[in-house]
Amino acid sequence: MEKYDVNLIEAKWQDKWEQDKLYSTPDLNEIDQKNKLYVLPQLPYPSGSGLHVGHAEVYTSCDIYARYKRMEGKKVLQVIGWDSFGLPAENYAIKNNVHPKQTIEKAVENFTYQIKRMGISVDWDRSVGSHEPGFYKWTQWFFLLMYKRNLAYRKEQKVNWCESCKTVLANEQVTDGACERCGTNAEQKLMEQWYLRITEYADRLFEDLDKLDWPAETIKRQKDWIGKSVGAEIEFSIDGSKEVLRVFTTRPDTIFGATFMVIAPEHEIIEQLKEKIQNIDEIRKYASVAAQKTDLERQMNKDKSGVRLNGVEAINPVNGHTIPIFVADYVLSGYGTGAIMSVPAHDERDFEFARKFGLEIIPVISGGSENEAHTGHGILINSDFLDGLEVDQAKNKTIDWLEENERGEAKTTFKLRDWSISRQRFWGAPIPMLYDQNNELQPVDEADLPVLLPDDVDFMPTGRSPLTYSEKFHDGIPEGWRREVDTLDTFMCSSWYYYRYLDPHNSEAFASREALDKFMPVDFYIGGREHVNGHLLYSRFFTKVLYDAGYIDFDEPFTMHRHQGLILGEDNRKMSKRWGNIINPTDVMDRHGADTLRMYEMFMGPLEEDKAWNLDGEKGVFRFVNKIWGLQSKVLADFSSAEQMKEAHRLIKKVGADIEALSFNTSIAKFMEFSNFLSREEKIDLEVWKLYLLVMAPFAPYITEELWHRSGEIGSIHLADWPLYDESLLVESEISIVVQVNGKLRGEVKVAADASPELIKEKARSDENVAKYLAEGEIIKEIYVPGKLVNFVVKS
RNA sequence: GCUGGGGUGGCGGAAUUGGUAGACGCGCGGGACUUAAAAUCCCGUGGUAGCAAUACCGUGCGGGUUCGAUUCCCGCCCUCAGCACCA
């Protein structure tokens, strides 16, 4: 038989599938919420270096699932598009003086070629790129929607600024104080920027996480980021002044233990009380030093520093005690009210501060010690009307007291900040806003969208948006008016792209209501765990806004989400040019073909775990592919085998369950076992062979298609039905039962599947080796696990 | 420091609700084919002892529960990731 010519055969089918548009999405009228399946591989940035093996892992796992479900009869929507706006393309353009559009289009072409070659079954007619006017028109539309709903606004604020990229960064784009993209340390800079009021949705974004089928780690990251804290806001009056100090606390129950207060260096009350503060110069000096510290410095040095405000004291509302006030930089101005009541007995930071400054420590919860803050549970003491209560009861009672006496109320705070979306860059969607002759903001009329990005722009960074200098850009607006020249953060594009796939050519809406109702939400979403927190949060936010505006009737976009693990180089290090350990999917396909690439990546280990590439392992999978090829010579149409059929049905059951569980590595192992089984057989039952091809089809679309046709089939295997297994075929007539004595394996007996427990035990006892151990004492207990084992407990 | 993963042969990794630990693949050893090599095929492969049957040990460490623990509980160690003065 001829050798398996991988590249020839794969190319043949790739062309055929494309001609036949085999993977087109079914028509809307065939689709409903019950039969639809929306499979979404995360939007890639089309980088010049081409597809990465990590991309290949995402696309393969999505594709296996999509193909399997398609064979099961689901109406599948699977599309890949491009996150084609953004900094990397612009930076590349600046460095090499090529227009980003050119770079991107070349990269998209390359990505498309590679993904097609991998045999990923996506509907290419629906593919979109975020840099296309037909796409960013709707990105701009989303901005206007936000603006109209009072969710987009301008304000001057300290922002993260990357000097290297010459642009503003959202908090989510800063990692360890550095720019996520280029690694330059982010600076703080006061600038006027556009923001989205995502904080308005903080509570819903937090609470709705519980209804999602997402990895626990991802849900936790979102929760950490949103940072919900439930507690109370309490008002402390200042002795001899009408000023008040409001604090936020999660522990209102400990209020009787509040022995001092601390305010952030930026707190406005300092200036309001400047006449009374005897050491105002010292305080101002401390504040200005603190202001110069970067976040990183504050993190590095956690030693408590602070200065007491001489001449002013606060009054604890519950007992009227006067307590000192300090300014200290461990209290952050941006969180809560920028001031705290300090309860050193029950808060570690307050404890440390109190120790350092020799302040009073009053325990109000029983069960602590003098040497550390007791932050746990206990019974209230030294607390007047709270004495004897549990912490949770005391919290409620304190809040009731505060509300009755108008000294505070229940309060929830969040760490989440509003999302900064404007960028002083060229390669992004222009913000569709105008400034009129009075410098008042005017939204661009929806009919005038898109606000086109001009081609003839000098995109060298100056710190101001390059669009400032484009004459063409400012054409067509009333005399004396000017356009907003900032562009939108690319996160805006990726927050809604999955809606565009539903209806990519619609010029009236971002997607039709019918398409939205029928396809959404996404059933299966795979993407990386790195850098994804912001994307998921923003997408959820967009979806909730659409829901509130009545465009959709669901409020979470991604029902099910999983991460792929990182694929490491052969040296177990992250793939990088620096280590020279990069594996290029195209090279793998040149060597061994797409089926091997797909199956090897799936075989490496569990989808969600990190795993290292191994060239010998890759070869092993190729060996397996060739083994399948070789088996066809043993297939006979006029031969049937009940034994083979039984194994085939077992295979169908196992693989179906594995795909549902995303346990693709064990499916491949099972395929290998099955081919080992078949290679021991002299002849292969044609029907068994076809079943084998069918279950492998989602994993290895090329070779299965070829062999399917060679076995006499006319249509594509990928349009065939997923085989159903027959449970009755799986029943064994004879089973083997493990025999243990005192929990140790001592033998094995073969019995009829319907043998009685008594018979099995009898047989077990008579096993030669078992009998030896039974003779050592007396059987005091016999355990029989049906179909599995017998264990005799023997005592001598 | 807190939170969440994870520690299983030489390596990647398998093991329904506790029930034969090490499936499958790689590597390695031996053999066949070949002038030779590659490729391919066959046999073996957790450790120790033994010709073997078999025995003992073995899932990071120390305890516990159980007839029986990779799996459950308690206390540690290591490692990866996220968060980090958030009141």
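A, B, ... follow the sequence lines: proteins, then strands. Residue 1 opens every chain.
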Could you work out the separation of rG44(B) and rG9(B) based on their P atoms and round it to a whole Å?
-> 23 Å

Determine the contact category for Asn626(A): base if any of its heavy atoms lies under 4.0 Å from a base atom, sugar-phosphate if only primed atoms, P, OP1 or OP2 are that close, otherwise nothing.
-> nothing

Atom C1', compared across rA81(B) and rC85(B): separation rounded to whole Å | 22 Å

Side-chain donor-acceptor pair present, Asp253(A), Thr398(A), cut-off under 3.5 Å | no

Could you give the distance from CD1 (Ile582(A)) to NZ (Lys574(A)), rounded to the nearest 0.5 Å?
-> 11.5 Å

Euclidean distance for P, rC33(B) against rC42(B) (whole angstrom) = 16 Å

Cation-pi, Tyr330(A) ring and Lys304(A) (6.0 angstrom, 45 degrees) = yes

Out of rC56(B), rA87(B), rG25(B), which has the shortest distance to the side chain of Arg746(A)?
-> rC56(B)

Among the nucleotides rC26(B), rA15(B), rU54(B), which one has an atom lying closest to any side-chain atom of Thr666(A)?
-> rA15(B)

So which nucleotide from rG4(B), rU20(B), rG25(B) ends up closest to the side chain of Lys220(A)?
-> rG4(B)

Selection from rG27(B), rU54(B), rC85(B) that lies nearest to any side-chain heavy atom of Asn769(A) = rU54(B)

Distance between the P atoms of rA53(B) and rG46(B), in whole angstroms?
-> 13 Å

Per Tyr773(A) side chain, nearest of listed nucleotides rU20(B), rA55(B), rG82(B) = rA55(B)

Side chain His346(A), main chain Ile365(A), donor-acceptor under 3.5 Å = yes

Whichever of Glu348(A) and Asp610(A) has the more 5' nearest nucleotide on RNA chain B, that residue is Glu348(A)

When the distance from NE2 of His563(A) to C1' of rG4(B) is rounded to whole Å, what number comes out?
-> 12 Å

Before giving the answer on salt bridge (Lys or Arg N to Asp or Glu O under 4.0 Å), spell out for Arg251(A) and Asp347(A) the whole-Å C-alpha distance, their side-chain angles and the decisive distance to 0.1 Å.
-> CA-CA 10 Å; Arg251(A) 295 296 302 276; Asp347(A) 180 280; over 6 Å; no

Close N/O contacts between protein and nucleotides 63-71 of chain B (under 3.5 Å):
{"from": "rC67(B)", "atom 1": "O2", "to": "Asn791(A)", "atom 2": "ND2", "distance (Å)": "2.3"}

Between rC24(B), rG19(B), rA87(B), spot the one nearest the side chain of Leu789(A), thanks.
-> rG19(B)

Name the orientation class of the two ring planes belonging to His561(A) and His563(A) (parallel below 30°, tilted from 30 to 60°, perpendicular beyond 60°).
-> perpendicular

Pairing pattern in dot-bracket form [Watson-Crick, G-U; both distances under 3.5 Å; | = partner strand] for RNA chain B | (((((((..(((......[....)))((((((.......))))))((((....))))..(((((..]....))))))))))))....

Quick one: Met341(A) CE to rC85(B) P, roughly how many Å, whole number?
-> 21 Å

Of the candidate nucleotides rC24(B), rU54(B), rA87(B), which contains the atom at the shortest distance from the side chain of Ala669(A)?
-> rC24(B)

What's the base orientation of rG9(B): syn (chi within 90° of 0) or anti?
-> syn

With C1' as the reference atom in both, quote the distance from rA84(B) to rU66(B) in angstrom, rounded to an integer.
-> 42 Å

Between CZ of Arg529(A) and P of rC83(B) the distance, given in whole Å, is 14 Å

For the side chain of Ser229(A), starting at C-beta, report the closest nucleotide among rC26(B), rA87(B), rU20(B).
-> rA87(B)

Between rG82(B) (P) and Ile219(A) (CD1): distance, integer Å = 18 Å

Just checking Tyr784(A): base, sugar-phosphate only, or nothing, at a heavy-atom cut-off of under 4.0 Å?
-> nothing

Under the salt bridge (Lys or Arg N to Asp or Glu O under 4.0 Å) rule, what do Arg355(A) and Glu352(A) come out as? Steps first, then yes or no, please.
-> CA-CA 5 Å; Arg355(A) 272 284 172 92; Glu352(A) 215 181 298; over 6 Å; no

In whole angstroms, the gap separating C1' of rA38(B) from NZ of Lys3(A) amounts to 13 Å

Measure the distance from NZ on Lys670(A) to P on rA15(B) and round it to the nearest whole Å.
-> 11 Å

CD-OG distance between Gln564(A) and Ser61(A), expressed to the nearest 0.5 angstrom | 7.0 Å

In plain terms, say whether Arg246(A) and Glu235(A) are close enough for a salt bridge, that is, a side-chain N and a carboxylate O under 4.0 Å apart.
-> yes

When you compare the protein's N or O atoms with those of nucleotides 40-46 of chain B, which come within less than 3.5 Å of each other, and at what distance?
{"from": "rU40(B)", "atom 1": "OP1", "to": "Arg623(A)", "atom 2": "NE", "distance (Å)": "3.3"}

Using the P atom on both, measure rA15(B) against rG25(B) and round to a whole Å.
-> 16 Å

Taking the inter-plane angle between the rings of Phe326(A) and Phe260(A) on a 0 to 90° scale, is it parallel (under 30°), tilted (30 to 60°) or perpendicular (over 60°)?
-> perpendicular

Taking for each residue the nucleotide of RNA chain B with the nearest heavy atom, is it Glu673(A) or Gly336(A) whose nucleotide lies nearer the 5' end?
-> Glu673(A)

Give, for atom CZ of Arg650(A) and atom CZ of Phe677(A), the distance between the pair rounded to the nearest 0.5 Å.
-> 9.5 Å

Sticking with atom P, work out how far rC28(B) lies from rA37(B), rounded to a whole angstrom.
-> 15 Å

Shortest side-chain distance from Pro606(A), nucleotide among rU20(B), rA87(B), rA14(B) | rA14(B)

Atom pair distance, as rounded to whole Å: CD in Glu352(A) and P in rG1(B) | 14 Å

Write down the distance separating the P atoms in rA38(B) and rG47(B), rounded off to the nearest Å.
-> 26 Å

What do the steps show when you test Asp767(A) against Arg746(A) for salt bridge (Lys or Arg N to Asp or Glu O under 4.0 Å), and what is the final call?
-> CA-CA 9 Å; Asp767(A) 179 274; Arg746(A) 297 302 180 194; over 6 Å; no

Go through rU20(B), rC85(B), rA14(B) for me and flag the one nearest to the Glu748(A) side chain.
-> rU20(B)

Within 45° of the six-membered ring axis of Phe248(A) and under 6.0 Å from that ring's centre, is NZ or CZ of Lys411(A) located there?
-> no

What distance separates Leu774(A) CG from Asn742(A) CG, expressed to the nearest 0.5 Å?
-> 9.0 Å

Asp616(A) CG to rG13(B) P, in whole Å, measures 16 Å

